[in-house]
Amino acid sequence: MVTHQEIHDVVRCIPRGRVATYGQVAELAGIPGQARRIGYALSALPEDSPIPWQRVVNAKGEISLRSHAGAETLQFKLLRQEGIVFDKNKRIPLPRFQWRPRS
DNA sequence: ATTCTGACTTGGG
DNA sequence: CCCCAAGCCAGAA
């Protein structure tokens, strides 16, 4: 069984200035195909968590909507501070910023 | 114990 | 490129 804790451990490995998709995190955590659980695990984190939750985005390179209002804006700011660039449609060019482990 | 709920992905059209 | 249906399961109630 893979718990929230283990998912958090994977997210903690995403380097500054790069992003990972939910599906990617799911694979690295050993639960391919269960992307939804990543979001659920992250939603359990406080905004000031040491876990870099802001580096996880959906497969289109967009910031996913969530229940806690305003958090998307915070995520957008945090990523820009790390040097992530968004295109006109508020999407991150994944080929350029997606994290590639052990590369 | 059982039911309901999600920060999603993927393949097919 | 966009849209849809199906799949997935830990945690909270």
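So that the names make sense, note that chain A is the first sequence line, chain B the second, and so on, each numbered from 1.
Within the structure, every pair that satisfies the side chain to side chain donor-acceptor pair (under 3.5 Å) test and touches residues 41-57 of chain A, not counting sequence neighbours, is listed here: Glu47(A)-His68(A), Gln54(A)-Glu82(A), Arg55(A)-Glu82(A).
In terms of the side chain to side chain contact (heavy atoms under 4.5 Å, CB included) criterion, Arg36(A) has no residue partners (sequence neighbours excluded). Looking at residues two or more places apart in sequence or on another chain, you find no ring pair (Phe, Tyr, Trp, His ring centres under 6.0 Å) involving Phe97(A). Among residues two or more places apart in sequence or in another chain, the ring pair (Phe, Tyr, Trp, His ring centres under 6.0 Å) test is passed with His4(A) by Tyr40(A). Looking at residues two or more places apart in sequence or on another chain, you find a side-chain hydrogen bond (donor to acceptor under 3.5 Å, both in side chains) between Arg12(A) and Asp9(A). Applying the side-chain hydrogen bond (donor to acceptor under 3.5 Å, both in side chains) test to Glu27(A) and every residue at least two apart in sequence or in another chain returns nothing. Gln24(A) meets the side-chain hydrogen bond (donor to acceptor under 3.5 Å, both in side chains) test with no other residue; sequence neighbours excluded. With sequence neighbours excluded, no residue forms a side-chain hydrogen bond (donor to acceptor under 3.5 Å, both in side chains) with Gln81(A).
A heavy-atom distance below 4.5 Å is not found between the side chains of Phe86(A) and Pro93(A). Two residues are said to be in side-chain contact when any heavy atoms from C-beta on lie closer than 4.5 Å; Ile92(A) and Val85(A) fail this criterion. Inter-residue side-chain proximity for Pro52(A) and Val11(A) is flagged as met; some heavy-atom pair is nearer than 4.5 Å.
Only Arg36(A), Arg37(A), Tyr40(A), listed by number, bring a heavy atom of residues 36-48 of chain A to less than 4.0 angstrom from any atom of DNA chain C. In the region residues 6-20 of chain A, proximity to DNA chain C at under 4.0 angstrom, judged on heavy atoms, holds for none of the residues. Shown for residues 67-99 of chain A: residues whose heavy atoms fall under 4.0 angstrom of DNA chain B, namely Ser67(A).
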What's the verdict on side-chain hydrogen bond (donor to acceptor under 3.5 Å, both in side chains) for Gln75(A) and Arg80(A), showing C-alpha distance, side-chain angles and the deciding distance? CA-CA 9 Å; Gln75(A) 182 169 11; Arg80(A) 297 214 50 189; over 6 Å; no

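When heavy atoms are screened at a 4.0 angstrom cut-off, Leu65(A) is found touching the sugar-phosphate backbone but no base atom. Residue Val2(A) is in sugar-phosphate contact alone, with no base atom involved, counting any heavy-atom pair closer than 4.0 Å across all strands shown.
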Polar atom pairs between nucleotides 9-13 of chain B and protein, under 3.5 Å, N or O only, would you list them?
from   : atom 1 : to       : atom 2 : distance (Å)
dT9(B) : OP1    : Ala59(A) : N      : 2.7
dT9(B) : OP2    : Ala59(A) : N      : 3.1

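The distance between atom CD of Gln5(A) and atom C1' of dC9(C), rounded to the nearest whole Å, is 18 Å. Residue Glu62(A) contributes atom CD, which lies 12 Å from atom C1' of dC2(C) at whole-angstrom precision.
Residues Tyr22(A) and Leu94(A) do not share a hydrophobic cluster, clusters being chains of Ile/Leu/Val/Met/Phe/Trp/Tyr side chains in contact below 4.5 Å.
Nearest to the side-chain atoms of Gln34(A) among the listed nucleotides dC9(C), dG11(C), dA7(B) stands dC9(C).
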